[in-house]
Amino acid sequence: MIISKTPYRISFFGGGSDYPDWYLQNGGRVIASTINKYIYISCRNLPQYFKHKHRICYSKIELVKDEKKIKHVVIKSIFEKFKKQINNEGLEIHYDGDFPSRSGTGSSSAFVVGLINTVSNYYNKKLSKKELANQSLYLEQKILRETVGSQDQIATTYGGFNEIIFKKNGQYEVNPLITNKDTLKILENNMILVFTGVRGKSKTANNIAKTYVSKLDRKKKNNILQIINHAKIAKKLLIQKNFEDFGYLLNETWKFKRDLSSSVTNSKLDYIYDLGIKSGALGGKLLGAGGAGFFLFYVPEHKRENFINIFKKFTCIPFKFDQEGSSIIFNEKKD
């Protein structure tokens, strides 16, 4: 059996500039970090005395004899990718996640990263960080043709608190911003996630992104340019350890993001955000493409207890930053 652990991510600044439709023409820049909430994926040989050949467990359980009849499109694509290795072997794959899907924390891409990492290692192919990220990008963007950005696959593969720069030639750079544990702890003590619910199945990140990614008028282009500029400013603030201004800047970037599409926010989300600001947060933003999911709030530590008390009807989640990225935590393959 092989088990992988892949972190979810928080995107602070630059979201929207990581879509190929944008950065291949304009370049892009994001600041993101992985956190200590994870997706776990296991893979093992399934003995041949079952009626089915493969057993796949996620929110549903699929028992199939023919790989072509797998309904989960990502898993089906992975079986196609490794069809020569799988051959006549039966596999059992399990997925478990700390967060629900469609909640803005990069779960779809983390799942792809974790699954490729797991199955590759199962067949004795250890991938470099670059190879794992690139294969995940290729599967989502080229094979599945999803309208997804490129930061999630890179962030969850590499782990850490990073600046990711996207170049017009399609290449990218991953630059670690904060590695000091004491500095990370300061940020952890001043941030909190508030869960607002999951998006409906018809309002996936893919669908929301389609409302603006390839339809950028002049105003929306200016919005993304300003969002990129915020990422540059945020980098300087982090280097200077000016964390309060970092919190205020989250408020500014949220204003620009919410104007990208009417699907990004709604009256319920606006109420929650306003309540967060009134309860002591300096700033915040909704994670992911929008519509629902987690709000990230920057709340000064001395106001944290009062903030949580006001938000007691919501699920508030403290977190720590992850530094490792997708990894194999158990490897015991029996011949």
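Shown are Y298, F246, W254; of these, the ring-ring contact (aromatic ring centres under 6.0 Å, His included) with F12 is made only by F246. Of the options L115, I93, I78, a side-chain contact (heavy atoms from CB on, under 4.5 Å) to C43 is made by I93 and by none of the others. Residue F295 is tested with Y271, F195, Y273 for a ring-ring contact (aromatic ring centres under 6.0 Å, His included); the sole match is Y273.
Electrostatic pairing of R258 and D270 counts as a salt bridge here, judged by a charged N lying under 4.0 Å from a carboxylate O. Remark: E252 engages K255 in a salt bridge, criterion side-chain N to carboxylate O under 4.0 Å. Contact check on K53 versus E89 returns no salt bridge, with no Lys/Arg side-chain nitrogen under 4.0 Å from an Asp/Glu carboxylate oxygen. A salt bridge does not link K71 with E62: none of the charged nitrogens is closer than 4.0 Å to a carboxylate oxygen.
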Report task. Kindly determine whether Q141 and S150 satisfy side-chain hydrogen bond (donor to acceptor under 3.5 Å, both in side chains), including the steps that lead there. Result -> CA-CA 9 Å; Q141 296 176 351; S150 300; 3.0 Å; yes
Could you please spell out the steps behind the salt bridge (Lys or Arg N to Asp or Glu O under 4.0 Å) verdict for K83 and E80? CA-CA 5 Å; K83 63 182 178 181; E80 177 64 24; 3.0 Å; yes
(message) Under the criterion ring pair (Phe, Tyr, Trp, His ring centres under 6.0 Å), I'd like the reasoning laid out for Y23 against Y19: C-alpha separation, chi angles, the key distance, then a yes or no.
(response) CA-CA 6 Å; Y23 66 74; Y19 287 88; 8.9 Å; no
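Closest of all the heavy-atom pairs between I86 and E67 is CG2-OE2, 4.0 Å. N242 and D245 get closest at one heavy-atom pair: ND2-OD2, 2.8 Å. Between V194 and C316, the shortest heavy-atom contact is CG2-SG, 4.1 Å. Taking every heavy atom of both residues into account, T6 and G114 meet most closely at OG1-CA, 3.2 Å. Summarising the geometry of G197 relative to A292, their closest heavy-atom pair is O-CB, 3.5 Å, with the distance given to 0.1 Å. Across all non-hydrogen atoms, the minimal contact from R9 to G288 is NH2-CA, 4.0 Å.
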Show me the side-chain donor-acceptor pairs of residues 178-188 shorter than 3.5 Å, one per line, residues at least two apart or across chains.
unit_1, atom_1, unit_2, atom_2, d
N180, OD1, D182, N, 3.0
N180, OD1, T183, N, 2.9
N180, OD1, T183, OG1, 3.3
E188, OE2, F321, N, 2.9

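Judged by the 6.0 Å and 45° rule, K5 forms a cation-pi pair with Y38.
N309 places no side-chain N or O within donor-acceptor distance of the main-chain N or O of K312, the cut-off being under 3.5 Å.
Here the straight-line distance linking atom OG of S33 with atom CG of L296 works out to 10.5 Å at 0.5 Å rounding. Considering OH of Y8 and OG1 of T34, their distance stands at 13.0 Å, rounded to 0.5 Å. A distance of 12.5 Å separates NZ in K257 from CG in D259, rounded to the nearest 0.5 Å. T156 OG1 to I35 CD1: the interatomic distance, rounded to the nearest 0.5 Å, is 12.0 Å. Summarising the geometry, atom CG belonging to D152 is positioned 8.5 Å from atom CD1 belonging to I164; distances are rounded to the nearest 0.5 Å. To the nearest 0.5 Å, the span separating CD on Q151 from OG on S109 amounts to 9.0 Å.
L137 and I165 fall into different hydrophobic clusters, defined by Ile, Leu, Val, Met, Phe, Trp and Tyr side-chain heavy atoms under 4.5 Å apart, directly or through other members. L46 and V64 fall into different hydrophobic clusters, defined by Ile, Leu, Val, Met, Phe, Trp and Tyr side-chain heavy atoms under 4.5 Å apart, directly or through other members. Hydrophobic cluster membership differs between L63 and I70, with clusters built from Ile, Leu, Val, Met, Phe, Trp and Tyr side chains linked at under 4.5 angstrom.
Residue E305 qualifies as open at atom CD: its count of foreign heavy atoms under 6.0 Å is 12 or below.
Taking the six-membered ring where tryptophan is involved, the planes of F82 and Y123 are essentially parallel, since the angle between them stays under 30° and well short of 60°.
When ring centroids are compared, H230 and F256 come within the 6.0 Å threshold. Ring centroid separation for the pair Y40 and Y95 does not come in under the 6.0 Å cut-off.
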